[in-house]
2 protein chains.
Amino acid sequence: MLSKKTKYGLQALLILAREYGQGPLLIADLAERERIPRKFLEFILLQLKNAGVLQSRKGKGGGYSLAKPPTEISVGRIVRTLDGPLAPVPCVSVMAYEKCQECRDEKTCAIRLVMKDVRDAIADILDHTSLQDMLNRSADELKKLDGIVDFQI
Amino acid sequence: MLSKKTKYGLQALLILAREYGQGPLLIADLAERERIPRKFLEFILLQLKNAGVLQSRKGKGGGYSLAKPPTEISVGRIVRTLDGPLAPVPCVSVMAYEKCQECRDEKTCAIRLVMKDVRDAIADILDHTSLQDMLNRSADELKKLDGIVDFQI
DNA sequence: TATAAATCTATTTAGTTGATAGACTAAAAG
DNA sequence: CTTTTAGTCTATCAACTAAATAGATTTATA
């Protein structure tokens, strides 16, 4: 389940992606535009900065902006930063492997084998979708809907 | 993230699947064999019974057994019963759709579009994997490993 | 040097997960 | 028909995590 934290983070990043190259945005503005509790968003953006996704400038004229172009920031990176590993069980995590406490034989564990497939499927999608991809898809959907409306008029 | 509850449930079901057709097994035995807290397992098996996955008999000679052959019980069903919807966000859930509180335009929501793909990928795997499939894959892996050992000797 | 804005530290609240205890009910055996 | 076995129900608890809040601090710019 995607946490609110990650949802908020993605919302803010999508705005920053849409306005990429136009200077930094204020936490307060992002919070208001997306109706996110301001202090909570501060915390989220800070984590994203520490992960190298965002950069910030303090003082007057400061704010947050993407550290890289929207094509180079994957959703996988964002979700991992805010929600932790993508894997449903730690023993199939690639980025944060951990042994299961009670699993007797990890190599033949039936649960592990299915969950490995699930992890790979999730990672495949999220690591190959960038912020820009998200914006594009959203725009595509909008076009489709407009098309339908035009047709109906 | 897969909860301990679901892991425990799957462990118990895999044993019941392996010994399918040989009469019911006791909660206490399953708990001991898999090192699961007994009372917790009672609760888990009861939920699975109410979901139609297990059947039980009380009294002497009683216990739990699968309500259907292991080929007809999917992991998806089990995970949904014990952990709830597969979807990472409720607005893309097929079995338990719920509107997001704050999403302005669901149809073009960029987050929703990616998460829909993720949900479909997860469901595709879990709904097409049965308990029997799990046992088979585990056995296959064991064979592979044995093969390697034989080769090395 | 005043001010704007991010950053840090701490704390709170609420909900979920995992686990436990004990009384109750149904079925089978003798 | 009574005893034993084994699942079922109700209640509760402790630990952990998610979500949110408050206030003090630091840094950079005008």
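So that the names make sense, note that chain A is the first sequence line, chain B the second, and so on, each numbered from 1.
Between A/Arg112 atom CZ and A/Asp105 atom CG the span is 9.5 Å, to the nearest 0.5 Å. For the atom pair B/Met1 CE and A/Leu86 CG, the distance stands at 11.5 Å (nearest 0.5 Å).
Remark: P of C/dA19 and CG of B/Leu82 are 14 Å apart, rounded to the nearest angstrom. The separation between B/Gln11 atom CD and C/dG18 atom P is 13 Å, rounded to whole Å. Across the protein-nucleic acid pair, B/Lys4 atom NZ and D/dA15 atom P stand 14 Å apart, rounded to whole Å. Straight-line distance from the CD atom of B/Gln47 to the P atom of D/dT8: 12 Å, rounded to whole Å. As rounded to whole Å, 13 Å separates atom P of D/dT21 from atom CD1 of A/Ile36. Rounded to whole angstrom, the span from the NZ atom of B/Lys5 across to the C1' atom of C/dA19 amounts to 12 Å. Straight-line distance from the NZ atom of A/Lys49 to the P atom of D/dT27: 11 Å, rounded to whole Å. Here the C1' atom of nucleotide C/dT11 and the CZ atom of A/Phe43 are 13 Å apart, to the nearest Å.
As judged by a 4.0 angstrom heavy-atom cut-off over every strand, A/Leu26 is placed among residues touching the sugar-phosphate backbone only. Backbone-only contact: B/Ile27 has heavy atoms under 4.0 Å from sugar-phosphate atoms and none from a base.
Salt bridge status for A/Arg80 with A/Asp127: present, with a side-chain N to carboxylate O gap under 4.0 Å. Using a 4.0 Å cut-off between charged nitrogen and carboxylate oxygen, A/Glu141 and A/Arg137 do not count as a salt-bridge pair. Ion pairing of B/Lys116 with B/Asp120 is present here, as a side-chain N (NZ or NE/NH1/NH2) and a carboxylate O approach within less than 4.0 Å.
Distances shorter than 4.0 Å separate none of the side-chain N or O atoms of A/Ser56 from OP1 or OP2 on C/dA5. Remark: B/Tyr8 is in phosphate contact with C/dA19, judged by side-chain N or O atoms under 4.0 Å from OP1 or OP2.
Although no hydrogens or angles enter the test, the distance criterion places a donor-acceptor pair under 3.5 Å between the side chain of A/Asp133 and the main chain of A/Ser130. When atom types are taken as modelled, the side chain of A/Thr81 and the backbone of A/Leu48 share no donor-acceptor pair closer than 3.5 angstrom.
With DNA chain D read from its 5' end, the first of the two nearest nucleotides for B/Leu46 and A/Asp83 is the one closest to B/Leu46. Between B/Tyr64 and A/Pro37, the residue anchored closer to the 5' end of DNA chain D is B/Tyr64, taking for each the nucleotide with the nearest heavy atom.
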Checklist entry - Once each nucleotide of nucleotides 22-30 of chain C is scored for protein heavy atoms under 4.0 Å, what B/S/- sequence comes out, 5' to 3'? => result B--BSBSS-
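Closest to the side chain of B/Phe40, from the set D/dA19, D/dG7, C/dA19, is C/dA19.
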